[in-house]
Every structure is written in C-alpha cells, then in structure tokens.
Amino acid sequence: MKRTKLNLPPESVIYTGDYCNAITQIQVYVYDRDSIDYVVFTDNDFEPDLTELLDSDKNIWINVIGLNQVDTIISLGELLGLTPLAIEDIVHVAQRSKIEVNAPYLHTILKMVYRSKDRLGNFSGEIVHEHLSIVLTENVLITFQEKDDDVFDYIRQRLKEGMGRLKNSGVDYLYYALLDALVDHQLEILTGMGDLIDSYDQNILEDEKLELDKLFRLRKQILLMRAAVMPYKDILIELTGQQANEWISPEVKVFLKDVSDHVNHVNDLVALYREMVNNIYEMNMMNTSNQLNQVMSILTIFSAIFIPLNFMTGFFGMNFAHFPGLGSELGIPIFLITAVLIFSGMVIFFKKKRWF
C-alpha cells in the first residue's frame with residue numbers, strides 16, 4: 001500500500017512508491033582511463049567502505065536500487081552531503097521532474113519510461129514509469145531508482161568494456177549518457193505507439209469496428225508519456241545554460257544540445273500521436289453513427305412502404321355488411337397487384353431520391 005505525505009512537515013522522508021518489498025542495493029563503479037572497479041553493498045554497513053571509495057580521485061558512479069528502505073537512503077544521503085529536502089525528493093515519487101543547479105551539487109529528478117523486461121531480458125512488456133534522481137558532484141554521480149529494471153544496461157557494458165568516451169571522460173559525460181539513454185527509450189516506446197496507431201487508423205479506414213478499451217489505454221499511455229517527457233525540455237535548457245557551467249563542461253554541453261533536439265522530437269511525436277488518437281476516436285464514433293443512421297434509414301423506409309399497405313389492409317378489412325368488391329372473385333388478385341405496384345413505386349421513388 002502506498003504511503004502518503006499528507007499533513008506531514010517538510011523534510012519528512014517517506015517513500016510513496018509501489019515497490020515496498022525491494023531490497024536497497026548500492027552499486028559502485030570506480031573508474032578512470034586505465035581501470036574500473038565494481039563493488040556492491042546490500043546492507044546498512046556500507047559507510048566505512050564507501051567513505052574510503054569516495055576519497056579516491058577517480059570518477060565514481062553510485063547506483064542506488066530500491067528506495068523503500070528510507071533509513072539506508074537517509075544514511076547514504078548524509079554521507080554524500082545531500083540536504084534533507086533533496087533526500088525527501090528522492091523518495092517522493094510523485095515529485096515533478098525538475099533540476100536544481102544552485103545547490104552544492106547538481107540535482108535532477110526525472111521519470112524513467114521503459115518497457116518491462118521479459119524472461120529473456122528483452123524490453124517487450126508493459127510500459128513502466130519509474131522515479132529517478134540523479135545527483136552530480138565534481139567527480140561523483142549518484143543515481144537513485146526504485147527497482148532493478150532500468151535503461152542503463154548498455155552504459156554499464158560500455159563502462160566495463162571501455163567502449164566509447166565514458167572511461168576517458170568525467171562524470172558529466174556519464175550524466176549526458178544517462179540522459180541520452182532515457183530519451184532514446186522514450187523514442188523507442190513512441191515508435192511502438194506509432195505502429196499501433198497506424199494499425200488502428202487502417203482498421204478505421206477499412207470500416208472495421210475498433211475496441212474502444214484498447215484505444216483508451218493507448219490514449220492514457222500517451223498522456224502519461226507527455227507528463228513524463230515535457231519537463232525534459234526545461235531541464236535541458238538549464239543544463240546547456242550558464243548556470244550549469246560549474247557541473248557541465250563545454251564539451252559535454254555540445255552533446256546535451258543533441259539530446260535537447262531528441263527531446264523536442266519526442267515532444268512533437270507525443271503531441272502528434274495525441275491528436276491522431278483523438279482523430280481516430282472521432283472517426284470511430286462517426287463510423288458508428290453512420291452505421292446506425294444506415295440501419296435507421298432502412299427501417300424507416302420499410303415503415304414508410306408498409307404505411308399504405310397497412311391502410312389498404314385496414315380499409316378493406318372493415319367488417320361491413322355491404323362493401324363494394326368484397327363479393328368479387330377478382331378482389332384478392334386486384335388487391336395483391338395494387339399492393340405490389342405501390343411497393344415497387346415507393347422503392348423506385350426512394351432509389352431516385354438516393355435515400356438508400
């Protein structure tokens with residue numbers, strides 16, 4: 001059950017997410033151009049060893065998995081010099097994405113969007129929105145995430161195998177690489193949404209009935225994606241501005257501008273897909289209304305055709321003693337011929353009017 005911060009004072013460190021049974025794991029990567037060391041802590045007795053690692057002049061990436069053990073998060077935050085308000089934001093998953101560049105460190109809160117992994121480790125499941133905090137100091141980068149699934153596996157592989165510039169650059173380049181991975185996965189998810197929208201659009205054009213529950217689920221995912229990616233634009237503006245000069249080098253800002261272009265593309269796609277889904281819904285409702293109108297038109301035509309026939313049947317069926325033609329042998333044939341002529345004449349009239 002989710003916990004709430006209602007009526008609690010500021011600096012109350014309460015985890016408000018869904019993953020309450022997760023074990024907090026602290027992964028530490030200590031690296032430079034020539035070497036990389038990897039250490040994992042899974043208990044509260046990490047302070048002596050981690051303090052020793054932090055004294056190193058090498059680059060350090062601390063990846064914290066699991067936010068529900070708030071005592072561990074508080075101890076780690078105090079060891080790293082984080083303020084109580086920053087620690088509060090780290091475990092408050094409803095916190096809106098933002099960036100703080102005026103603190104003794106660069107603190108970024110983001111939403112990590114990805115597909116959950118299947119048994120083979122492929123991203124093919126449902127879409128997950130996870131709370132992510134990134135803290136950047138001079139030579140230390142700390143990430144806080146709710147669960148062990150994330151979008152950083154390729155970055156870990158590049159770091160361990162010495163691929164690209166990661167090992168040869170500072171932690172600000174690692175910071176860029178994390179942001180780039182987040183945005184790339186957003187584009188990947190939107191590509192899948194686009195294919196789904198195209199299939200729905202094709203079904204509408206072929207007059208196939210669309211299941212509205214699937215369309216509503218897709219619309220909800222697009223709205224959630226919009227809420228997750230919109231703050232990225234403001235965050236990238238801050239990162240490429242002068243306020244972040246203390247934490248981001250000019251060389252890395254060039255790469256961040258490329259990420260900013262990708263973010264603009266993501267926002268454009270979200271707006272486009274949102275409009276397309278609304279159009280598909282309107283087209284589906286219009287097709288349903290047209291089909292209903294066609295059915296009602298046919299029923300109305302049949303009703304109009306049988307009105308004179310019902311009149312004739314009622315008129316000649318009256319129970320009078322003296323009624324002209326009732327005694328004639330040609331009465332029934334004349335009635336049937338007249339009914340057929342009336343039916344045919346009305347059908348021809350309706351056809352010429354293109355009423356069906």
Would you say Leu190 and Leu223 are hydrophobically clustered, going by side-chain heavy atoms of ILVMFWY under 4.5 Å?
no

When you group the ILVMFWY residues by side-chain heavy-atom contacts below 4.5 Å and let the links chain together, are Val252 and Val263 in the same group?
yes

Does Thr288 have any side-chain contact (heavy atoms from CB on, under 4.5 Å) partners at least two apart in sequence or in another chain, and if so, which?
Asn284

Are the side chain of Glu130 and the backbone of Glu146 linked by a donor-acceptor contact shorter than 3.5 Å?
yes

With a 3.5 Å distance limit and no angle check, can you tell me whether Ser344 reaches the backbone of Leu341 through a side-chain donor-acceptor pair?
no

Tell me whether Tyr38 at atom OH has more than 12 heavy atoms from other residues, nucleotides or ligands lying less than 6.0 Å away.
yes

Which salt bridge (charged side-chain N to carboxylate O under 4.0 Å, His left out) pairs, counting each pair once, include a residue from residues 154-179, with sequence neighbours left out?
Asp150-Arg156, Asp153-Arg156

Before giving the answer on side chain to side chain contact (heavy atoms under 4.5 Å, CB included), spell out for Phe41 and Leu76 the whole-Å C-alpha distance, their side-chain angles and the decisive distance to 0.1 Å.
CA-CA 11 Å; Phe41 303 102; Leu76 180 60; over 6 Å; no

Could you check whether the rings of Trp61 and Tyr29 sit parallel, tilted or perpendicular, using 30° and 60° as the cut-offs?
parallel

Determine yes or no for a side-chain-to-main-chain donor-acceptor pair under 3.5 angstrom, with Thr143 supplying the side chain and Ile134 the backbone.
no

Do the rings of Phe306 and Phe302 sit parallel, tilted or perpendicular, given the 30° and 60° boundaries?
parallel

Group every Ile, Leu, Val, Met, Phe, Trp and Tyr by side-chain heavy-atom contacts under 4.5 Å, then state whether Leu80 and Val40 land in the same group.
yes

Backbone of Val254 reached by a side-chain donor or acceptor of Asp258 within 3.5 Å
no

Using the rule that Ile, Leu, Val, Met, Phe, Trp and Tyr join whenever any side-chain heavy atoms are under 4.5 Å apart, tell me whether Ile109 and Leu178 fall into a single cluster.
no

In terms of hydrophobic clusters joined by side-chain contacts under 4.5 Å, are Tyr273 and Leu212 together?
yes

CD/Glu188: more than 12 non-hydrogen atoms of other groups inside 6.0 Å:
no

Would you say Gln25's side chain and Ile65's backbone share a donor-acceptor pair under 3.5 angstrom?
no

Measure the CD-CZ distance between Gln157 and Phe152 for me, rounded to the nearest 0.5 Å.
15.5 Å

Just grab all the ring pair (Phe, Tyr, Trp, His ring centres under 6.0 Å) pairs involving residues 191-212, residues at least two apart or on different chains.
none

Check Val113 against Ala228 and note the closest heavy-atom contact, atom names and distance.
CG2-CB, 3.8 Å

Results of ring-ring contact (aromatic ring centres under 6.0 Å, His included) for Phe343 - residues two or more places apart only
none

Check whether Asn245 reaches the backbone of Gln242 with its side chain - one donor and one acceptor, N or O, closer than 3.5 Å.
yes

Sequence neighbours excluded, every pair satisfying salt bridge (charged side-chain N to carboxylate O under 4.0 Å, His left out) that has a member inside residues 98-111
Asp89-Lys98, Lys98-Glu100

Donor-acceptor check, side chain of Lys253 to backbone of Gly241, threshold 3.5 angstrom: yes or no?
yes

Tyr175 vs Thr108, side-chain hydrogen bond (donor to acceptor under 3.5 Å, both in side chains): CA-CA, chis, key distance, verdict
CA-CA 10 Å; Tyr175 179 83; Thr108 314; 2.6 Å; yes

Filter on salt bridge (charged side-chain N to carboxylate O under 4.0 Å, His left out), then keep only pairs touching residues 214-237, sequence neighbours left out; what's left?
Glu211-Lys214, Asp213-Arg217

Any donor and acceptor pair, going by atom type alone, linking the side chain of Thr16 with main-chain N or O of His92 inside 3.5 Å?
no

Going by distance alone, is a donor N or O of one side chain under 3.5 Å from an acceptor N or O of the other, for Glu251 and Tyr173?
no

Atom of Asn59, atom of Gly170 and distance for their closest heavy-atom approach:
ND2-CA, 3.9 Å

Could you walk me through whether Leu106 and Ile248 pass the side chain to side chain contact (heavy atoms under 4.5 Å, CB included) test, one step at a time?
CA-CA 9 Å; Leu106 183 68; Ile248 307 296; 4.2 Å; yes

Is a side-chain N or O of His265 found less than 3.5 angstrom from the main chain of Asp261, in a donor-acceptor match?
no

Is a side-chain donor or acceptor of Ser297 paired with a backbone partner of Asn293 at a separation under 3.5 angstrom?
yes

